[in-house]
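One structure is given here, and the rest of the page talks about it.
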Amino acid sequence: AAQIVEALDAAGAIADAEALRVLLRLTGAGSDLQAGRYAFREGSSPAETLRVLRGGPNGVQRLVVREGLRVEEIGALVVRAGLATPEEWQAAIKKPRPEPFLAQRPPGADLTGYLFPASYDIDGSTTAETLVQVMLDTFADRVAPLAAEAQRSNGSLHDALTLASI
């Protein structure tokens, strides 16, 4: 706990390092602290700092979505990371989407191939819906411009994605 207090003090995250040390000793909370990334308001009071520490990591974490995962496999990662329930993931992927590149999908096709594989920074405000949107936006930036190339080859972007996944 002493190292944590020192690190928080050096970062300017706490207003009173000595008061936090005393509070940790009096509550016995020092042994309950979890490793991870935490987000604090600058100059947090000792009580606020202890509340955040007791709540567990709340800072930015990284979710790695590797290539070749199907929508349901990405959903399992999201659920395991604690970002959403299975029901919230299903709602996010089934939501109607306005992206033009999705209009080329055959009826009933899911978002497999359209959720761009990458490392995504997630935090307490990230939801299944916001993650799906960021993944689609990343796809739009990096892959959708290739749609014209696919059409020149007498195919669709969906056809090209299907071939790439084989």
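Starting from 1, each residue takes its place in the sequence as its number. What you see below is based on every heavy atom in this structure, not just the backbone, and it leaves out hydrogens, waters and symmetry mates.
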Q | Joint hydrophobic cluster, L63 plus V79, side-chain heavy atoms closer than 4.5 Å | A |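 Not linked; separate clusters.
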Q.
Through direct or indirect side-chain contacts below 4.5 angstrom among Ile, Leu, Val, Met, Phe, Trp and Tyr, which residues connect to V22?
A.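 Joined to V22, directly or through intermediates: L26.
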Q) Is there side-chain contact between L131 and L83, with at least one heavy-atom pair below 4.5 Å? A)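 They are in contact (side-chain heavy atoms under 4.5 Å apart), so the answer is yes.
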Q.
What I'd like to find out is whether the side chain of V132 reaches to under 4.5 Å of the side chain of R97, using heavy atoms alone.
A.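 With C-beta onward as the side chain, the pair touches.
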Interatomic distance, [X] atom [atom1] to [Y] atom [atom2] [nearest 0.5 angstrom]:
X: I74; Y: R66; atom1: CD1; atom2: CZ; result: 10.0 Å
X: E99; Y: Q104; atom1: CD; atom2: CD; result: 12.5 Å
X: T85; Y: E87; atom1: OG1; atom2: CD; result: 4.5 Å
X: Y120; Y: T138; atom1: OH; atom2: OG1; result: 4.0 Å
X: D16; Y: R21; atom1: CG; atom2: CZ; result: 9.0 Å
X: R142; Y: D137; atom1: CZ; atom2: CG; result: 11.5 Å

(Q) Just to verify, what does A109 make a side-chain contact (heavy atoms from CB on, under 4.5 Å) with, not counting sequence neighbours? (A)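 Partners of A109 by the side-chain contact (heavy atoms from CB on, under 4.5 Å) criterion, ordered by chain and then number, come out as R105, P106, H158.
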Q.
Can you list everything that forms a side-chain contact (heavy atoms from CB on, under 4.5 Å) with E73? Sequence neighbours excluded, please.
A.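 For E73, the residues satisfying side-chain contact (heavy atoms from CB on, under 4.5 Å) (neighbours in sequence not counted) are L69, R70.
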Between [X] and [Y], what is the shortest heavy-atom contact and its length?
X: I93; Y: L111; value: O-CD1, 3.7 Å
X: V64; Y: S119; value: CG2-OG, 3.6 Å
X: A128; Y: E88; value: CB-O, 3.9 Å
X: A84; Y: W89; value: CB-N, 4.3 Å
X: I14; Y: V5; value: CD1-O, 3.8 Å
X: L20; Y: P46; value: CD1-O, 3.7 Å

**Q.** With T49, the side-chain contact (heavy atoms from CB on, under 4.5 Å) member among L8, L24, I4
**A.**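 Going through L8, L24, I4 one by one, the side-chain contact (heavy atoms from CB on, under 4.5 Å) with T49 is satisfied by L8 alone.
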(Q) Below 30° counts as parallel, above 60° as perpendicular, anything between as tilted: where do the rings of Y114 and F101 land? (A)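 Rings of Y114 and F101: parallel, under 30°.
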Q: Test side-chain contact (heavy atoms from CB on, under 4.5 Å) on L50 and T27 and set out the steps.
A: CA-CA 10 Å; L50 181 58; T27 61; 4.0 Å; yes
